[in-house]
Amino acid sequence: MNQYPEYSTLNLPKIAEEVLADWDRLSVFEKSVSSREGATPFVFYEGPPSANGMPGIHHVMSRTLKDIFCRWQTLQGKQVRRKAGWDTHGLPIELSVEKELGITKEDIGKKISVDEYNHKCRETVMRYTDRWEALTRQMGYWVDMQNPYITYENKYIESVWWLLQQLYKKELLYKGYTIQPYSPAAGTGLSSHELNQPGCYRPVKDRSAIAMFRVKLPANNTNKNAAAVFQTTTEPVYILAWTTTPWTLPSNTALAVGNKIQYVLVKTINPFSHQVVSVVLAKDLLEKYFPAKNAELKFEDYKTGDKNIPFAVLGEMNGADLVGLRYEQLLPYVLPHENPEAAFQVIAGDFVTTSDGTGIVHIAPTFGADDMRAAKAAGVPPMLVMDENEKLVPLVDLRGKFRSEVNDPQFGLAGEFVKEDYLSAEQKAADLEKQKQYMQFIISDTSKLSYLSVDERIVLKLQNEGKLFKKESYEHNYPHCWRTDKPVLYYPLDSWFIRASAKKERMAELNQTIGWRPESTGTGRFGEWLNNLQDWNLSRSRYWGIPLPIWRDEDETEELCIGSVEELKAEIDRSIAAGFMTENPLAKFTVGDFSKENYEGFDLHRPYSDNIILERNGKKLFRETDLIDVWFDSGAMPYAQLHYPFENKALVDERKYFPADYIAEGVDQTRGWFYTLHAIGVMLFDNVAYKNVISNGLVLDKNGNKMSKRLGNAADPFDTLNQYGPDATRWYMISNADPWDNLKFDPAGITEIQRSLFGTLYNTYSFFALYANIDGFVVSDKNQTELSKRPELDRWIISKLNSLVKTVSERLNDYDPTPAARAIEDFVDAHLSNWYVRLSRRRFWKGELTEDKQSAYATLHECLSTLAQLMAPFAPFFADRLFRDLNAAATESVHLSLLPAANANAIDLELEARMELAQQYSTLVHSIRKRKEVNIRARQPLGRIMVPVLDENFRSRMEQVKHLLLAEVNVKEVEYVTESGVFVKKIKANFQLLGKKLGKQMKAAAAAIAAFSQEDIALLEQQGYFDLQLEGETTRIERNEVEILVDDVPGWQVATDGRLTVALDTEITENLRAEGLARELVNRIQNMRKDKNFEVTDKINVKISANQLLNAAVNNNFNYICSETLAASLEIVPELPEKEAILVDLDEEIKTYLHITKQN
RNA sequence: AGUCCCGUAGCUCAGUUGGUUAGAGCGCUACACUGAUAAUGUAGAGGUCAACGGUUCAAAUCCGUUCGGGACUACCA
């Protein structure tokens, strides 16, 4: 039986299938972890996917990336546990359930109970689990799918609650009033995730206006500078502020200026009321509203309706001078309930720019996030009024309608939707009739009136009252609710927040210790994000997610944050004692029992948690109905996957399974998972959650377009794996582009990898197996030739191999897989296959099992075996097959093996350098032989090559590799030429050295040097320097500051490449000719052997018909011919019968009959 | 709109601290080789290094601006 299996074809998908079966049979994955018990751990965290959607080709990419480093560290001897996970909560799941059931959010609790709804979510979320498992398995991604963490499980939730309670105890969890995207049509707040769904930001045309806010004079409470400027005018002074949402103007309570922005006071005429006024705006924007040419117009010449309006700049001040200035309320429908005396003043805002508008921003703290922040900082109240329930509310209600306070006798407004889009056609028509009624006081002919939106009417009102400076329509992107298609409102809502901003500096500081790939994402996108960190809005008004574990009474005086099931159970008992609850849903729960059964007897989700009423000081506490952001779920995974701190406490506390050494996800997770992991890690453990992270790019189609089902260009991951096999697919994805760049996925690239890498390796292995089996040779420790005693070629490839191990190790230890994969490709193709195997071929099939042959076997075996290990992280199936075929007795799997570090002693850079010399010369000589004017086939031996000796090293290097070079190019001798008269030299400046020395003179010097004569060069070489005349000065050029090359050897066929030059003697002597013929003859005999399907080892008898031109060639090379062709006998016979023999052409003139038979 | 990434041959990509013929593989064309053969070798064609401007003796490389592709963030009024 053959020791080394031989295959007839290479079938990568089949290999993968078979190896996968072996892995299952032998439990290789489990062993790869258990066999390293006690070893240094390598901690990897799996970012949980949602099994709610089908896996795509990009998941093959990201999972390959994850897998590579885990397998690599295993090869290095580390223990790599990796737990799979499932992200189970969140909006997408709610949506798919609603779609399936044909319901909307409003129906929850009506058509379907919350309970039923959540049950449905629980089912739906794991719908495609089997597809994910199949993909994971088929592509060879090793992760423990038997014991995944699942975010909806009670243990997981309990850990999350504990983390939240920790935040609460550190006072990092608070309830606040903030401005959030809100969809009045859907009656729900929206997350930024929802706003970023495709198509949500749409260009809309809004009515924009510049309103005029009248300054209260004298400006006694402001800076003297501003007061002085205002004294220069007797006209009323107005501040100009631009808005694209006039409906927020009734809620204006402040105007913001930039402290460092320069402002001007301008005297002009109101284009609508034609009143002479003075206005304040940013100096930078003066030209925009007041073209310079109009400065020459005279006020007294102005006539009503003139397009060009005169103006005069009265004075200048900076933003800080304006702060504190009071102005009259623009639309005095109602005053803020709190601190009305602090309203209507100028404040500073760092967000103010002069890129748009007037450089002064209208502030409505109830409808803008920036506005709210700035107003709060300045002590300006928001426009909140007391409602019927004695609660403070904004002027727009939750349906998106103005409250009754905004009642305008002429323009309506009260009770109306602030955005036209919220109205149906019928409502519009009805409203139009009303408008016709009350607007007849302003518009004489109302019959032609069309519906005017709230914005339009407010602008009209300002215009009527002389408070409008400019109006126009303005097109910008505005977010829409993806469910109702209606524009979103920014609206103040109650929310629970994590005070992330309090730990901003620490997060930034620790971020600098994280190894980011690519680095720019860490410093750039992620770093910037941390620098501008806002508090984390944790609340979600949904149903399917982890409930916020906070209970409050109605007065908001008592508050409880629960951190464990144990605690909750005790609190419920207390509530029962107070008579608030009748039974404890956690009655069966046994504290301290972490069994599955114990934790499956209850549910912490809504509605169950909603039904729990707790007690404090005799008051009833109800749960805050919000759920938490699902990003918290996944960010909590380092702890919650372990049920920390209830179980596995030491793993985290003693930093054994925390932080992760490595994580990887798509770049879109930068502000998702990467952030939430980091935030929780820093806030609660003052530690990074991961030490290294790769954010991988997208997988695009081959034309660089995003893959989508709609376009039909999405590659199916299963089809791809089936067709090309996981190894080639994985290899292609990693070697083609750095993982953080986008990948243009082209199956043709996989085919290329199949052929160039796997095909070549397969051929190389087959070659090895073929001859090793023939010789019955099994490579083992016992028959290893000592490295120093192996031939040059063997030591060279072993040196190359160890250099490769070094490179691959460095790259992979640095989380840089692409150069590692490419280095392997280069080794296999350029070195192992195209040089080592090519030059060693005859060593394998020639003669007996000599020491040289054993050395060749051992060397090739070591190369292939080590390659299998190096490739194992990338191509786990093929590598395993190769490794086991080579080392059948020794191992169950390459993935259980240990890769030794590169052997520094085996690396001989000098040897690598001289072999490169041989490779380069070989190419040069081949190219001369192929020339049209030469055209001598490789089988024809030639006498000699000549090489000019350029330095001392050169000759000794060449001597050591010349036998390989000469054999490869079929030349007898190499001659060294030292006397310079034989060849023509060329000289070139060394730009790097001379450039630094000469600076500006470089150009002239380079030209002068290039123009050197042969004598000049000789002189320079002789004395070691040359005095060059440059611009009248003498500049000394040293020998090392120029490069001298051989340009030509007159009278010879010459080839050069950079510093290397070779000349070929093309004369064919009688002897050479005879030898060439003998080689031709060998070749023909070999072909016949092959045609006759003889075994490689068969001995033959050869008969050749006599031919005068040939006889000498045969006789002189008799032994050579016999040994090459395994001829037991070789006869020249006078004649061969045509029937048996074949007529062959040996060259243009010589033909002969050949006859071969197998020797029995 | 902002931040970040990418733009080098028909395609996929290299290109060190700036240094003078800008490389490789694939593909294409031609020739050769034939006991690795669904391989292999040699040669050829193919480039305004996205564009413009600047710094420098010298720019694919450094700095600006613009254009194109992508991601993330974003109601800046």
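Quick note on labels: first sequence line is chain A, next is B, and so on, each numbered from 1.
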Mind checking A/Tyr490 for me? I need base, sugar-phosphate or nothing, with any heavy atom below 4.0 Å counting as a touch. base

Rounded off to whole Å, could you give me the CG-to-P distance for the A/Asp746 and B/U12 pair? 8 Å

For atom CG of A/Asp741 and atom C1' of B/C6, their distance in whole Å: 7 Å

Using a 4.0 Å heavy-atom cut-off, does A/Arg842 contact any base of the nucleic acid, only the sugar-phosphate backbone, or nothing at all? nothing

Which part of the nucleic acid, if any, lies within contact of A/Lys744, taking any heavy atom under 4.0 Å across all strands shown: a base, the sugar-phosphate backbone alone, or nothing? sugar-phosphate

Could you tell me whether the side chain of A/Ser833 has a donor or acceptor atom within less than 3.5 Å of a complementary atom in the base of B/A36? yes

Over how many whole Å does the gap from A/Asn742 atom CG to B/G68 atom C1' extend? 15 Å

To the nearest 0.5 Å, how far apart are CG in A/Asp826 and CZ in A/Arg822? 11.5 Å

Base, sugar-phosphate, or nothing for A/Gly368, non-hydrogen atoms under 4.0 angstrom? base

Euclidean distance for C1', B/G15 against B/U55 (whole angstrom): 22 Å

Write down the distance between CD1 (A/Ile753) and P (B/A38), rounded to a whole number of angstrom. 21 Å

Work out how far the C1' atom of B/U3 is from that of B/A43, and round it to whole angstrom. 49 Å

Pairwise C1' distance, B/U61 and B/C75 [rounded to whole Å]: 41 Å

Comparing A/Thr9 and A/Gln1001 on RNA chain B - which has the more 5′ nearest nucleotide: A/Thr9

A/Leu993 CG to B/G19 P, straight-line distance once rounded to whole Å: 13 Å

Taking only the side-chain nitrogens and oxygens of A/Arg937, find out if one of them lies under 4.0 Å from OP1 or OP2 of B/A32. no

Below 4.0 Å: OP1/OP2 of B/C13 and any side-chain N or O of A/Asn736: yes

I want to check one thing: is the phosphate of B/G19, taken as OP1 and OP2, less than 4.0 Å away from some side-chain N or O of A/Asn990? no

Pick base, sugar-phosphate or nothing for A/Phe367, based on heavy-atom distances below 4.0 Å to the nucleic acid. base

NA contact type, A/Asp1098, heavy-atom cut-off 4.0 Å: base, sugar-phosphate, or nothing? nothing

Report which part of the nucleic acid A/Asn1087 touches: base, sugar-phosphate, or nothing (heavy-atom distance under 4.0 Å, all strands). sugar-phosphate

Tell me: OH of A/Tyr836 to P of B/A36, nearest whole Å? 15 Å

Comparing A/Leu770 with A/Asp370, nearest RNA chain B nucleotide closer to 5' gives the residue A/Leu770

How are the rings of A/His362 and A/Phe213 set relative to one another: parallel (under 30°), tilted (30 to 60°) or perpendicular (over 60°)? parallel

Does a donor on one side chain and an acceptor on the other come within less than 3.5 Å for A/Trp835 and A/Glu968? no

Does A/Asp421 pair with A/Lys486 as a salt bridge, N-O distance under 4.0 Å? no

Name the orientation class of the two ring planes belonging to A/Tyr765 and A/Phe768 (parallel below 30°, tilted from 30 to 60°, perpendicular beyond 60°). tilted

Do the side-chain N or O atoms of A/Lys988 get closer than 4.0 angstrom to the phosphate oxygens (OP1, OP2) of B/U21? yes

B/A32 to B/A71 separation - C1' atoms, rounded to the nearest Å: 50 Å

Given that both distances must come in under 3.5 Å, which nucleotide forms a Watson-Crick or G-U wobble pair with B/G68? B/C6

When you compare B/G53 with B/C13, how far apart are their P atoms, in angstrom units rounded to a whole number? 30 Å

Nucleotide paired to B/C76 in any strand shown, Watson-Crick or G-U, under 3.5 Å: none

If I pick the P atom on B/G46 and the same atom on B/U66, what distance separates them, to the nearest angstrom? 36 Å

Touch check for A/Asp829, heavy atoms < 4.0 angstrom, all strands: base, sugar-phosphate only, or nothing? nothing

What nucleic acid atoms does A/Ala989 come within less than 4.0 Å of, heavy atoms only: base, sugar-phosphate, or nothing? nothing

Report the relative orientation of the aromatic rings in A/Phe367 and A/Tyr491; use parallel for angles under 30°, tilted for 30 to 60°, perpendicular for over 60°. tilted

Given the C1' atoms of B/G47 and B/C11, what is the spacing between them in whole Å? 14 Å

Partner of B/G44 under the Watson-Crick or G-U wobble criteria, both distances under 3.5 Å, comes out as B/C28

Using a heavy-atom cut-off of under 4.0 Å over every strand shown, decide if A/Glu752 touches base, sugar-phosphate, or nothing. sugar-phosphate

Grab the CG-C1' distance between A/Asp826 and B/C13 for me, whole Å please. 14 Å

Under 4.0 Å, counting only non-hydrogen atoms across every strand here, what does A/Arg822 touch: a base, just sugar-phosphate, or nothing? sugar-phosphate

Is it the case that the ring center of A/Trp242 lies less than 6.0 angstrom away from the ring center of A/Tyr289? no

Flag, side chain of A/Asn990 to backbone of A/Glu1043, donor-acceptor distance under 3.5 Å: no

Using Watson-Crick or G-U wobble geometry with both distances under 3.5 Å, which nucleotide pairs with B/C57? B/G19

Determine: side-chain N/O of A/Arg755 to OP1/OP2 of B/G27, distance under 4.0 Å, yes or no. yes

Using a 4.0 Å heavy-atom cut-off across all strands, classify A/Gly749 as base, sugar-phosphate, or nothing. nothing

Take a 6.0 Å sphere around NZ of A/Lys997 and say whether it holds more than 12 heavy atoms from other residues, nucleotides or ligands. yes

For B/A24 and B/U8, measure between their C1' atoms and round to the nearest Å. 13 Å

Among B/U42, B/A36, B/G19, which is the nearest nucleotide to the side chain of A/Gln992? B/G19

A/His831 NE2 - B/G41 P separation (whole Å): 13 Å

